Amino acid sequence: MPRLVIVSNRISVSVTKHAGTIRLTDSIGGLATGLTSLAHCYDLFWIGWPGITSEKLNEQDKKEIATKLAQKNYHPVLLSKKQIEQYYEGFSNKTIWPLFHSFPLYAVYEDRYWQTYRQVNEVFCEAVVKNLRPNDSIWVHDYQLMLLPRLIREKLPDAEIAFFLHIPFPSFELFRLLPWRTDILNGLLGADLIGFHTYDYARHFLNSAARLVGAEHSMGSLTIGNRVLKADTFPMGIDYQKYARAVADAKVRQNLAAIRKKVGDRKIILSVDRLDYTKGIIQRLEAFDLFLSQNPRYKGNVTLILLAVPSRTGIGDYMDLRQHLESLVGRINGEHGSIGWVPVWYLYRAVPFERLVALYSLADVALVTPLRDGMNLIAKEFVATKTDGKGVLILSEMAGAASELGEAVIVNAHNKAAIIQAIREALEMPEAEQIERNELMQNRLSRYDLKRWANDFLGTLSKVKQTQQQLSVRKLAESNRRRLLDQYTAGEKRLFLLDYDGTLVAFADRPNKAGPDHQVLTLLENLAADSRNEVVIISGRDKDTLTRWLGKLAISIIAEHGGWIKKKARHWEIAHPLENDWKQTVRPILELYTDRTPGSSVEEKDFSLVWHFRRSDPELARLRTHELRYAVLELTANLGVGVFEGSKILEVRNTGINKGRAVGSWLAEPQWDFVLAAGDDYTDEDLFAVLPEKAYSIKIGPTISKARFNLDSVHELRHLLKQLIEQTNREEITC
Ligand code: ADP
Ligand code: G6P
């Protein structure tokens, strides 16, 4: 049976060893607590680090851990002290974590950390490959394993691999600071589907992919080499019912009663986090301090319960934070407290689920004010436990959860005045309003819960796989290739209709650098040398360039998508009346956009004006292309010209000219035994559309098209042409 193989650094259980005894405890953190509930809906197999360094374990311990975890369908990846220091504490948590959370000054860039990160990702890769069964889906999680999708892909090219990032993906301005940014990006691009919590993170990722590896996307779909993959937004949900139902649980009620007894009838403000500098705990406490100073009537009437879970305790920044926090709690309690009232109850530990739910349920206000947070599940868990609808969530706009929880009191976590105002507003909010806000959020959270999130994500993964399969069926596979070669050999009159850029020759930085190399010239020469062959190059380029590059060959050439035609051994003939008055209207606007878009340029051809933006900033060019398209369409509404988007160009030309019409005189000849047409972009679709049914039409690149077949690259088409030429040579030898 196909399984869902989850791979993450942290698994949902952690191993500890006390006085020689191995124990399993629950792990803390959004990823681990969140994904645990998936075991109810999927056949899970979970690979990850069990939270203990291998030096602490003897062989017997290792066996015991493996056996205990195997019973829960976990496979442990054991890591040494050095690996944990450099891969986990080092690269993952001193480089990626601060940088991706917009704390660039906390980030360190150490080559030895990077080397170990790579090495540990390889260790995880081995564990995956060793444990994988046919048809399993692989779902890699989070920033500790960003190289893993590519590593697995290299070993298992057809595997179904997905990746989810649980933290923010930073803007390109921050991401570019990372010396190993391209490796990280390529690592992620090994996946079939890459998921993010919010649209912003997905947008940042796609932007970096465009800038660093030139991968343009269409609605989040990208083509990398010969593979189509997708990046999209899937805001992670919680196991809603688990929290909502728990409120009525007997153990939770006991906890609830015990806490209420201690707090009395004071209002409770709750703050729960892993102790992490991204969570804004210090800023929150400082705001509470000011709140008490500015609102003395609340002294003695409100208690802040501050729960901090020890996290990444081996890292200096986390140790400093703990010290800072504890001295601040001491100062606030000293300054504001009185006999019988402690303003801040501080707990530095994880608490059992029942206690946590009791606290959520009791709290009048949850203060969730991270400075930056990928999602923040605490906010969602709090809302889920409010079964009577009472309670107010104060939420930072910098948490991913803010895009779904708009009915919370939203604050800027750096703005203390805003937090103070929000605390007052929350404590004084009428119950009816609390209920109204919570119900709206609860409806949303209960609908898009953890199960829906995973189903949505895995459903999208299947669709990506289906698209890949559709494309692979269209690939010119061995049987069709054989048939093609046979028909070619048998044919007495054979027609080749070949596009130039992106089909016979790969794109270059600048258009004039994409001249024909020796190999392609020889191929065309050999094809044309066979008297049974008629070779026609159909390009959008101007006739002078094509004459310079291909003029000596015994072939026909069509320039400007059909504006000019040069039949073999004859002169150029104009194929369409030159009606160019529209250029006067359009040229100034293209020039204006060129001035406003660094790196772009205008090319003027006889029948068209082309705006090139291959060398411009991709984001800016994307924006400008939309604007320009509308501007030109408005200007030319009655002029008989169209606006066409090609590979990093926008072309304005006469609508009557297209490649399909251009080949009319060739296709009108009835006696072709064999027709082969190849092209890579939208202009070639007009050609594919007019071909006879039996023609071999080939789209270069893995996208669906009117062509019957696909080949992945220029290289593959050249290889096919070479095979055809060799076929003729073989015939001659046999004769
Ligand atoms: P992060 O992923 O950065 O740790 P989240 O808010 O997304 O932050 O997730 C934290 C998870 O850890 C939640 O599911 C929460 O229930 C759990 N958790 C947080 N604090 C405690 C605590 N003191 N005791 C037990 N569980 C906790
Ligand atoms: C965040 C990260 C998780 C991580 C968790 C706890 O939620 O996205 O990947 O597991 O924090 O951190 P830790 O370092 O203890 O695994």
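Residue numbers run from 1 in the order of the sequence given. Heavy-atom basis, side chains included; hydrogens, waters and symmetry copies ignored. Numbering of ligands and ligand atoms starts at 1, following listing order. Only a predicted model underlies this, so the values are computations on that prediction, with no experimental measurement involved.
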Part of [X] within contact of ligand 1 (heavy atoms, under 4.0 Å):
X    : result
L377 : both
N376 : both
L356 : side chain

I'd like to know if the side chain of [X] pairs up with that of [Y] as donor and acceptor (distance under 3.5 Å, no hydrogens or angles considered).
X    : Y    : result
T198 : D200 : no
R10  : Y88  : yes
Y346 : N333 : no

Please state which protein non-hydrogen atom is closest to [atom] and give its distance, to 0.1 Å?
atom                    : value
atom 11 (O) of ligand 2 : R312 NH2, 3.2 Å
atom 16 (O) of ligand 2 : R10 NE, 2.8 Å
atom 27 (C) of ligand 1 : I28 CG2, 3.8 Å
atom 16 (O) of ligand 1 : E381 OE1, 2.7 Å
atom 7 (O) of ligand 2  : G30 N, 3.6 Å
atom 24 (N) of ligand 1 : V351 N, 2.9 Å

Heavy-atom proximity to atom 8 (O) of ligand 2, picking from D142, L31, T33, L165, points to D142
Going by the order shown, which atoms of ligand 2 are within less than 4.0 Å of some heavy atom of H166?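 Selected atoms, number and element: 8 (O).
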Tell me, please: is R355 in heavy-atom contact with ligand 1, that is, under 4.0 Å?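 Outside the 4.0 Å threshold, so no.
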May I ask whether H166 places a heavy atom under 4.0 Å from ligand 1? no
Using a strict cut-off of 4.0 Å, indicate which atoms of ligand 1 neighbour a heavy atom of [X].
X    : answer
T33  : 11 (C), 13 (C), 14 (O)
L307 : 23 (N)
K279 : 1 (P), 3 (O), 8 (O)
V309 : 20 (N), 21 (C), 22 (C), 23 (N)
R349 : 23 (N)
V272 : 19 (C), 20 (N), 21 (C)
R274 : 1 (P), 3 (O), 4 (O)

For a quick test of reading the model, state the closest non-hydrogen atom pair linking L188 to P149 and the distance between them.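 That would be O-CB, 4.1 Å.
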Smallest separation among heavy atoms of I238 and K380, with atom names: CD1-O, 3.5 Å
Around atom NZ of K68, are there more than 12 heavy atoms from other residues, nucleotides or ligands closer than 6.0 Å?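 Enclosed: over 12 neighbouring heavy atoms sit under 6.0 Å from NZ of K68.
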Considering residues, nucleotides and ligands other than K72, do more than 12 of their heavy atoms fall under 6.0 Å from its NZ? no
Is the closest heavy-atom distance from I28 to ligand 2 below 4.0 Å? yes
Check whether any heavy atom of Q144 sits under 4.0 Å from an atom of ligand 2.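 For ligand 2, residue contact (heavy atoms, under 4.0 Å) with Q144 is present.
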In this structure, CZ of R312 is separated from CG of D317 (nearest 0.5 Å) by 11.5 Å
Side chain to side chain contact (heavy atoms under 4.5 Å, CB included) assessment of F91 paired with I96: CA-CA 6 Å; F91 197 77; I96 297 293; 3.6 Å; yes
Indicate every side-chain donor-acceptor pair of residues 179-187 with a distance under 3.5 Å to a residue at least two apart or in another chain.
unit_1: R181; atom_1: NH1; unit_2: R176; atom_2: O; d: 2.8
unit_1: N186; atom_1: ND2; unit_2: T182; atom_2: O; d: 3.3

Ring pair (Phe, Tyr, Trp, His ring centres under 6.0 Å) with F205: of F196, F175, Y199, only one passes, and it is F196
Look only at interatomic distance and state if L31 has a nitrogen or oxygen under 3.5 Å from any nitrogen or oxygen of ligand 1. no
